[in-house]
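First comes the structure, then the notes that go with it.
For ligands, and for the atoms within them, numbers begin at 1 and follow the listed sequence. Every heavy atom of this structure was used, including side-chain atoms; hydrogens, water molecules and symmetry mates were not.
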Amino acid sequence: MMNGKNILLAVSGGIAVYKAVALTSKLTQAGANVKVMMTRHAQEFVPPLSFQVLSKNDVYTDTFDEKDSSVVAHIDLADWADLVIVAPATANLIGKMANGIADDMVTTTLLATEAPVWVAPAMNVHMIKHPAVVRNIERLYRDGVRFIEPEEGYLACGYVGRGRLEEPEKIVQHINHFFQEEEKSLFGKRILVTAGATREKIDPVRYLTNRSSGKMGFQVAEQAALRGAHVTVVTAVKDPLLPSQVEVVAVHSAEDMYQAVMERADKQDAFVMAAAVADYTPAHVFDQKMKKTPGDQTFEMKRTKDILAEVGQTKRADQVVIGFAAETENVAENALRKLEAKKADYIVANDVSREGAGFEGDTNIVTIYGADGSEEALPLLEKREVAEKITEKLARKLGRA
Ligand code: CTP
């Protein structure tokens with residue numbers, strides 16, 4: 001996948017620079033054209049010559065060192081790249097990127113490029129958890145920058161913990177995978193995702209909700225967007241962490257979510273209904289804050305509309321519908337019943353009572369049941385990996401893969 005691709009490697013100053021040397025070698029061995037740019041601090045660890053020899057290209061270190069007078073180097077380099085990898089990315093460089101600072105060759109080129117940017121952080125275990133770094137990473141993530149998570153392990157500062165630069169082989173795998181996904185893209189497809197808990201109002205200060213964080217749906221949205229789909233997320237989760245190319249429709253209640261989905265249903269190629277929609281909502285909403293009275297209180301609740309069932313039952317033949325089922329018993333039986341009742345193409349079922357599956361964590365264990373009789377049981381995976389599987393199924397079903 002790497003063959004003939006132009007990869008620009010940005011190297012910032014940390015002890016992990018030596019791994020960037022190995023990465024340069026692995027990328028060129030995989031057939032990529034590699035150009036390297038380094039910050040001043042990176043050059044304290046390894047001289048540019050090492051990168052020059054391995055990449056067989058000039059190394060860029062200074063915005064004002066124009067190697068070819070017919071072009072402006074940082075713009076030329078930015079345009080040349082099919083993909084930019086920042087490895088290692090220090091807290092300082094991440095901070096500059098998040099704030100649009102361009103005060104050297106690396107940061108100026110990063111601002112000028114329109115190529116996808118992958119960042120592989122490497123820093124001390126406490127630095128990576130610092131609110132400022134977390135905030136900067138979140139901001140870049142929302143800007144569409146992708147991250148290669150640092151590993152747990154022994155750090156040069158003597159600590160053991162998260163912060164070690166991912167191994168060069170793994171970084172190459174990530175990039176390879178990215179180019180593969182680009183090939184079988186969902187380009188031009190419109191996908192609507194519902195995610196997270198709904199909020200059912202009782203009075204101006206109270207509502208009923210559940211534990212769903214929306215992570216599973218957000219991951220599907222990100223993966224579909226990565227493959228070029230136009231993704232709309234309908235959610236009641238406040239300030240969802242999503243890349244900026246994903247359109248977010250903010251709702252509160254099950255009824256709002258129903259309206260938002262149905263208004264947009266016609267235009268979609270696919271639906272992924274990952275929201276934990278309330279099945280019941282208060283029959284009466286109080287205009288003023290309810291005052292407590294002596295004794296107990298009983299609420300009358302009414303059923304909400306089943307959005308998945310409505311979409312499944314009214315969908316066109318060319319639209320694909322995926323639903324979820326969170327169960328604590330008889331998973332297969334319940335999932336198959338939902339598949340049939342809601343006329344979905346797939347139901348992604350999980351047993352939320354199992355360790356590693358469920359609402360708030362980062363992992364899930366699911367089985368995907370298809371209306372075509374298919375059944376795919378997946379092992380314990382990161383929610384991101386489950387989202388990849390779901391998007392791949394979607395791409396296949398939409399005739400793209
Ligand atoms: N769903 C929906 N609208 C609702 C309720 C559920 O779109 N009002 C969707 C969810 O997003 C999910 C699937 O339906 O994709 C879950 O099915 P459901 O039968 O509602 O699950 P439970 O609420 O767990 O149902 P049950 O009480 O029957 O287990």
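- Heavy atoms of other residues, nucleotides or ligands lying less than 6.0 angstrom from CD of Gln297 number more than 12.
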Residues Ser70, Asp68; criterion side chain to side chain donor-acceptor pair (under 3.5 Å); working and verdict: CA-CA 6 Å; Ser70 66; Asp68 174 356; 2.7 Å; yes
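- For atom 7 (O) of ligand 1, the closest heavy atom belonging to the protein is Leu308 N, 2.8 Å.
- Closest approach of Thr39 and Asp104 over heavy atoms only: CG2-OD2, 3.9 Å.
- Atoms of ligand 1 lying under 4.0 Å from any heavy atom of Lys305, numbered from 1 in the order shown and given with element: 3 (N), 4 (C), 8 (N).
- Taking only nitrogen or oxygen atoms, main chain and side chain alike, Ala276 does not reach within less than 3.5 Å of ligand 1.
- Glu340 CD: 12 or fewer foreign heavy atoms inside a 6.0 Å radius.
- To the nearest 0.5 Å, the span separating OG1 on Thr198 from CD on Glu255 amounts to 11.0 Å.
- Of the protein's non-hydrogen atoms, Phe324 O, 3.0 Å is the one closest to atom 16 (C) of ligand 1.
- Contact atoms of ligand 1 toward Met273: 10 (C), 11 (O), 12 (C), 15 (O) (distance under 4.0 Å to a heavy atom of the residue).
- The ligand atoms of ligand 1 that sit less than 4.0 angstrom from a heavy atom of Ala275 are 10 (C), 11 (O).
- Closest to atom 4 (C) of ligand 1 among all protein heavy atoms lies Val277 CB, 3.4 Å.
- Of the possible polar contacts, none joining the Arg146 side chain to the Pro116 backbone as a donor-acceptor pair under 3.5 Å is found.
- In the displayed structure, Phe299 atom CZ is contacted under 6.0 Å by more than 12 heavy atoms of other residues, nucleotides or ligands.
- Of all the heavy atoms of Asp306, the ones lying under 4.0 Å from any atom of ligand 1 are found in both the backbone and the side chain.
- Between Lys338 and ligand 1, a contact under 3.5 Å exists for at least one N or O pair.
- Looking at Asp279, Val193, Ile307 and measuring to atom 3 (N) of ligand 1, the nearest heavy atom belongs to Ile307.
- Applying the 4.0 Å criterion to heavy atoms of Thr304 picks out, from ligand 1, the atoms 8 (N).
- Residue contacts with ligand 1 leave out Ala254, since none of its heavy atoms falls under 4.0 Å from the ligand.
- Under the 4.0 angstrom criterion for non-hydrogen atoms, Lys342 is in contact with ligand 1.
- Ligand 1 places these atoms under 4.0 Å from at least one heavy atom of Gly323: 15 (O).
- Aromatic pair His126/Tyr159: ring centres closer than 6.0 Å.
- For Glu169, the CD atom sits in a packed shell: over 12 heavy atoms of surrounding residues, nucleotides or ligands are nearer than 6.0 Å.
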